[in-house]
Every structure is written in structure tokens, then in C-alpha cells.
Amino acid sequence: MYDRILVPTDGSDVAEAAVDHALDLAEKYDAEVHALYVVDIDSVNFSLGTEQVDRLKQGRFDEMGELKEQADEATGVVAARGDERGVDIVEHVSGGRPHKVIGDYAEDNDIDLIVMGSHGRAGVRRALLGSVTERTLRSTHVPILVVDYLDED
């Protein structure tokens, strides 16, 4: 049923909760998991100079040490957990509008399922999906499993 599962990750607790679900499904269906880290170019435009934004738009993440480190760490967690379970992992870093990059990546790589986290806020706000999750749901026809995260603190 599932051959390729996409798990977008930013390294947060919410994203890591989705990783466990993606790996469980991958084990069950002998699927490959794609770990995708998206640099939200719109949100970093405010804190970076023009030259750095141009590097991001061109996909030259290797030239930005701290950003590359964050991306590698986030996808590396997925790769390490997948390795422990014998699941094949593909790591990818891209820049752009997250929901669009996720949808395009899913289409370009014949993804069968996207597994992503929702934010774990308490109360009424918790009923609302995070903006990236909601936009992804509206912008792709690939099935999406949204994993709720409950903060134990």
C-alpha cells in the first residue's frame, strides 16, 4: 500500500512524534522514508541579508553552516532511527514555501503518504492545525496522516 512515505521535519518534538509513526508504517509496508527539511525562505528573509537569501533560493545550503547543521541534524534523527529499524531513509533539504515544497516533493518522488505533526498547544488553540500542516492538506492530493503531539510537561 505504501512504498514511499514522506516525513517533513524541522527537528521539533512535534515533527519527531510524526517520525515514529512514519517509521512504524514503513516497517509494516517495507517502505522507504523520505526525511524532508524545508527552509522557509519567507520567514528567514527578515533576518538574513540579500546574499544569504539568494544562496537559499539557489539551494546552496552547504555555504550556510548553522542552517546546514540544523537541517542535517533534523533529517539525521530520522536517518538514525530508520537505521535502527532497518528502514531505508532518503534525506533531502530544500528551500521555499514549506507547504509548496512538501507538495512538490511528494509529487516529484511518487510519495504514497505524507506523515506530519500538528502542534501540541493546549486548550482551544490546540484544535487548530499548524499553518504548514493545514496548507499542505489543502495543496496536495497525497494522503496525509497528521500526528498530534501532547507535551508531557
Side-chain angles (χ1 to χ4, degrees), residues 1-45 53 55-121 125-151:
M1 175 169 239
Y2 303 117
D3 294 321
R4 283 170 297 288
I5 299 170
L6 173 61
V7 60
T9 182
D10 59 4
S12 67
D13 290 341
V14 176
E16 288 189 21
V19 169
D20 291 332
H21 286 272
L23 292 174
D24 285 347
L25 288 166
E27 281 183 307
K28 179 175 182 166
Y29 292 103
D30 193 29
E32 177 179 80
V33 171
H34 291 241
L36 175 64
Y37 183 94
V38 180
V39 179
D40 185 347
I41 292 176
D42 290 340
S43 69
V44 298
N45 270 340
V53 171
R55 285 183 193 156
L56 292 176
K57 288 181 179 177
Q58 295 169 13
R60 295 168 30 208
F61 305 107
D62 288 340
E63 296 176 18
M64 303 186 73
E66 185 178 329
L67 180 63
K68 178 70 172 146
E69 188 177 308
Q70 289 172 357
D72 288 346
E73 185 176 327
T75 61
V77 166
V78 181
R81 288 186 185 174
D83 191 45
E84 290 170 2
R85 297 170 124 181
V87 174
D88 291 332
I89 305 294
V90 175
E91 295 178 74
H92 187 76
V93 178
S94 191
R97 299 186 76 196
H99 71 280
K100 180 155 178 33
V101 172
I102 293 166
D104 289 348
Y105 186 92
E107 185 177 318
D108 293 346
N109 292 278
D110 296 319
I111 298 297
D112 303 303
L113 178 68
I114 300 170
V115 181
M116 57 193 308
S118 179
H119 47 72
R121 296 184 210 176
R125 298 187 82 187
R126 192 173 147 230
L128 305 173
L129 291 176
S131 62
V132 172
T133 302
E134 182 177 350
R135 288 179 182 141
T136 303
L137 281 165
R138 296 179 190 274
S139 65
T140 184
H141 296 291
V142 175
I144 300 175
L145 171 62
V146 178
V147 177
D148 193 15
Y149 172 76
L150 299 175
D151 190 2

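The chain is numbered in sequence order, starting from 1.
When all heavy atoms are compared, the tightest approach of Ile114 to Ala106 is CD1-CB, 4.0 Å. Nearest approach of Ala15 to Asp10, heavy atoms of both residues: CB-OD1, 3.5 Å. In terms of heavy atoms, Val132 sits closest to Ile102 at CG1-CD1, 4.0 Å. The nearest pair of heavy atoms linking Val93 to Ala71 is CG2-CB, 3.7 Å. Closest approach of Ile89 and Ala35 over heavy atoms only: CG2-CB, 4.4 Å. When all heavy atoms of Ala22 and Val33 are compared, the closest pair comes out as O-CG2, 4.1 Å.
The closest donor-acceptor contact from the side chain of Asn109 to the backbone of Ile111 lies at 3.5 Å or more, if one exists at all. Between the side chain of Thr133 and the backbone N or O of Gly117, at least one donor-acceptor pair lies under 3.5 Å. A donor-acceptor pair is defined here as one N or O able to donate and one able to accept, closer than 3.5 Å; no such pair exists between the side chain of Thr140 and the backbone of Thr136.
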Open item on the list: For a side chain to side chain contact (heavy atoms under 4.5 Å, CB included) check, start with the C-alpha distance between Leu36 and Val101, then their side-chain angles and the critical distance, and finish with the verdict.
Closed with: CA-CA 9 Å; Leu36 175 64; Val101 172; 4.3 Å; yes
TODO: Report the C-alpha distance between Lys28 and Tyr2 in whole Å, list the side-chain angles of each, state the deciding distance to 0.1 Å, and finish with yes or no for side chain to side chain contact (heavy atoms under 4.5 Å, CB included).
DONE: CA-CA 9 Å; Lys28 179 175 182 166; Tyr2 303 117; over 6 Å; no
- [ ] Before giving the answer on side chain to side chain contact (heavy atoms under 4.5 Å, CB included), spell out for Val115 and Ile5 the whole-Å C-alpha distance, their side-chain angles and the decisive distance to 0.1 Å.
- [x] CA-CA 7 Å; Val115 181; Ile5 299 170; 3.7 Å; yes
Open item on the list: One pair to check against side chain to side chain contact (heavy atoms under 4.5 Å, CB included): Glu27 and Val87. What are the steps and the verdict?
Closed with: CA-CA 7 Å; Glu27 281 183 307; Val87 174; 3.8 Å; yes
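Legend: residues meeting side-chain hydrogen bond (donor to acceptor under 3.5 Å, both in side chains) with Arg4, ordered by chain and number and at least two apart, are absent. For Asp88, there are no side-chain hydrogen bond (donor to acceptor under 3.5 Å, both in side chains) partners, not counting sequence neighbours.
Separating the CG atom in Asp72 from the CD atom in Glu91 is a distance of 7.0 Å, to the nearest 0.5 Å. Between the CE atom in Met116 and the CG atom in Leu137 there is a gap of 7.5 Å [rounded to 0.5 Å]. The CG atom of Asp110 sits 9.0 Å away from the NE2 atom of His34 when rounded to the nearest 0.5 Å. In this structure, OG1 in Thr9 is found 6.0 Å from CD in Glu16, a value given to the nearest 0.5 Å. Here Ile144 contributes atom CD1 and Glu134 contributes atom CD; the two are 11.0 Å apart, rounded to the nearest 0.5 Å. Remark: Arg81 CZ to Leu23 CG distance equals 7.5 Å, nearest 0.5 Å.
In this pair, His92 and Tyr105 present their aromatic rings tilted. The plane angle is within the 30 to 60° band.
In this structure the side chain of Val142 never reaches within 4.5 angstrom of the side chain of Leu6, judged on heavy atoms.
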